[in-house]
Amino acid sequence: MFPPVHIADIAQHEGKEVTLHGWLYNRRSSGKLHFLQVRDGTGIIQCVVFKGNVTPEVFHEADHLPQETSLSVTGLVKKDDRSPIGFELDVRELKIVARPAQEYPIGHKEHGVAFLMEQRHLWLRSQRQQVILRVRHTVEKAIRDFFDARGFTLVDAPIFTPSACEGTSTLFEVPYFDLGKAFLTQSGQLYMEAAAMALGKVYCFGPTFRAEKSKTRRHLTEFWMVEPEVAYMDLDGDMQLMEEFVSHVVQTALAKHRKELETVLERDVSKLENVKPPFPRITYTEAVEVLQKAGHPMKWGDDIGGDEETVVAKQFDRPVMVHRYPAEMKAFYFKKDPTDPKVALGCDVLAPEGYGEIIGGGERESSLETLEAAIAQHQLPKEAFEWYLDLRRYGTVPHAGFGMGVERCVAWICGLHHVRETIPFARMMERITP
RNA sequence: UCCCCAGUAGCUCAGUUGGCAGAGCAGGUGACUGUUAAUCACCGGGUCGCAUGUUCGAGUCAUGCCUGGGGAGCCA
């Protein structure tokens, strides 16, 4: 059985007889010719079964195989201009590995989203889902490569946490032995701050959980986030890191998957070509002015919601960095702007085309006294943050970081309507299976 | 938590004023030597989400519930 020939490498075998292992994707017939579309995970190739080239039994069987039959096909690799991949297999032998026990539920006609999500374990076999998962893989590798090349150390953050990191979101609660309850992490950031004081430049990359009852195309209850944190870095350095990071991820995905994005996902990739530094930077105050001019009735201090984000993002041809939000809107650990204490030194990156916030981050408060006051002001239990305050007690330094949601980034790159297609098995408020 | 929409064949949907439950695809049988979601002919396929009510009669009207989808808030 091994080593097998893969469809992606079929050009190397022109004129030779090879055996492919795969699954039947589709089948058509024209009398003395049967056309079998066979996929093997690396591509799809048309296998032509001509009556004169195989036994009568094989010829008859070839016309009666149901979709998703697993099979081995042996034949001659022939160049053919009518093929989308340039080659066909002229079949000599056909071996059935297994016939489907029942009719395959997903046909080649349209299906509803609810049905496909219920069949997610099978839906992954479609070309579209294969491309999305490959882009996700490339994005995750690009994330790792970017930080690794810059001397960052990957530090894994815990999944069980004793309390809310930020004290704002709703968390998933789990029983935890004699210690009462634990929570599933909502962010590894606080732990990365500790790690940055040890290793200088660090990042964590793992799953994150939010128990908010969010039912929108941008939300999952379980998603993957990358969170870098750097000692001796201020907001300006952080923003520069953000734009270089996002550009690297997008350009890597574009270089590797341009053709699939264009053909299978029908993505207008010209919109991704612009994603290069520098990104436009505007303050929250300027964003409010833009929105007021666009006719949105809002005043300074109001939240910039989904619709407003889209309006702001549409002013630019690449991601826009909105910085210096009102301090009240941000978590307790953000450093306030020394020149204007009303605003926090935070920055969000808004993706174009209505994909919204893909990054949130900023400079952290480094003063012990100011941080203690912020914890009190947010009415958070100080005991839970004593270890975090220790980071300010022993050699505190300016530092900054950010978090990027992988699913929103992949949805934007692929031009998808909903983030649920960017993760193999989505976890949402109303769905936990398959 | 709130607002809107949908639930009819395996899938996608139509179903008029309340009056015999329909189509396309998928499946089965057959035809076709170049099909690209092939085409053509024939065949099988139903707890109309669940419950109660109105009515001579409910897929259709009313009320409640369930499930799913979209959005808001919150966020990545």
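Computed from heavy atoms alone, side chains included, the values below leave out hydrogens, waters and symmetry copies. Please read these numbers as outputs of a predicted model, since none were measured by experiment.
- Evaluation of atom-type donor-acceptor distances gives a pair under 3.5 Å for the side chain of A:H219 against the base of B:C75.
- Note: CD (A:E88) to P (B:U35) measures 11 Å, nearest angstrom.
- Between the side chains of A:S187 and A:E227, at least one donor N or O lies within less than 3.5 Å of an accepting N or O.
- Straight-line distance from the CE atom of A:M298 to the P atom of B:G73: 11 Å, rounded to whole Å.
- Of the possible donor and acceptor atoms, one in the side chain of A:R318 sits under 3.5 Å from a partner among the backbone N and O of A:K276.
- When the salt bridge (charged side-chain N to carboxylate O under 4.0 Å, His left out) test is applied to A:E289, no partner is found at least two apart in sequence or on another chain.
- Shown for residues 116-144 of chain A: no residue has heavy atoms falling under 4.0 angstrom of RNA chain B.
- In this structure, the separation between CH2 on A:W23 and CG on A:D40 is 7.5 Å, given to the nearest 0.5 Å.
- Remark: A:R150 engages A:E244 in a salt bridge, criterion side-chain N to carboxylate O under 4.0 Å.
- B:G71 atom P lies 19 Å from atom NZ of A:K213, rounded to whole Å.
- For A:L122, the side chain to side chain contact (heavy atoms under 4.5 Å, CB included) partners at least two apart in sequence or on another chain are A:Y104, A:P105, A:I106, A:Q119, A:R125.
- Taking atom P on both nucleotides, B:A37 is separated from B:A72 by 35 Å, rounded to a whole Å.
- The pair A:R27-A:D63 meets the salt-bridge criterion, with a side-chain N (NZ, NE, NH1 or NH2) lying under 4.0 Å from an Asp/Glu carboxylate O.
- Comparing atom distances between the A:S214 side chain and each of B:C75, B:C74, B:G34 picks out B:C74 as nearest.
- Taking the six-membered ring where the residue is Trp, A:F245 and A:F402 present tilted rings, their angle falling between 30° and 60°.
- Distances from the side chain of A:R431 to the nucleotides B:G68, B:G73, B:G70 place B:G68 closest.
- Using bins of under 30°, 30° to 60° and over 60° for the plane-to-plane angle, the ring pair A:F209/A:F172 lands in the perpendicular bin.
- A gap of 12 Å separates the P atoms of B:U35 and B:U39, to the nearest Å.
- Between B:C65 and B:U29, the distance separating the two P atoms is 48 Å to the nearest Å.
- As judged by a 4.0 angstrom heavy-atom cut-off over every strand, A:F35 is placed among the base-contacting residues.
- Across all strands, A:R218 comes closer than 4.0 Å to base atoms (heavy-atom distances).
- In the set B:A76, B:U36, B:G68, the nucleotide with an atom closest to the side chain of A:Q46 is B:U36.
- The distance between atom CG of A:L36 and atom C1' of B:G34, rounded to the nearest whole Å, is 14 Å.
- A:D148 and A:K141 are not joined by a salt bridge, as no carboxylate oxygen comes within less than 4.0 angstrom of a charged side-chain nitrogen.
- Atom SG in A:C409 sits 10.5 Å away from atom CD in A:E140 (nearest 0.5 Å).
- For the pair A:M429 CE and B:U1 P, the computed distance is 7 Å after rounding to whole Å.
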### Task
Between protein and nucleotides 22-32 of chain B, map the contacts as a letter string: B base, S sugar-phosphate only, - none, heavy atoms under 4.0 Å, written 5' to 3'.
---SSS-SS-B
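- Straight-line distance from the CE atom of A:M329 to the C1' atom of B:G73: 13 Å, rounded to whole Å.
- Residues passing the side chain to side chain contact (heavy atoms under 4.5 Å, CB included) test with A:K215 are A:M429, A:E430, sequence neighbours excluded.
- Across the protein-nucleic acid pair, A:F223 atom CZ and B:C74 atom C1' stand 12 Å apart, rounded to whole Å.
- Here, B:U47 and B:A6 have their P atoms 23 Å apart, quoted to the whole Å.
- Counting only Watson-Crick and G-U wobble pairs whose two key distances fall under 3.5 Å, RNA chain B forms stems of three or more stacked pairs at B:1-7 with B:66-72, B:10-13 with B:22-25, B:27-31 with B:39-43, B:49-53 with B:61-65.
- Atom C1' of B:U52 sits at a distance of 32 Å from the matching atom of B:C11, rounded to the whole Å.
- Distance noted for atom P between B:C20 and B:C3: 38 Å (whole Å).
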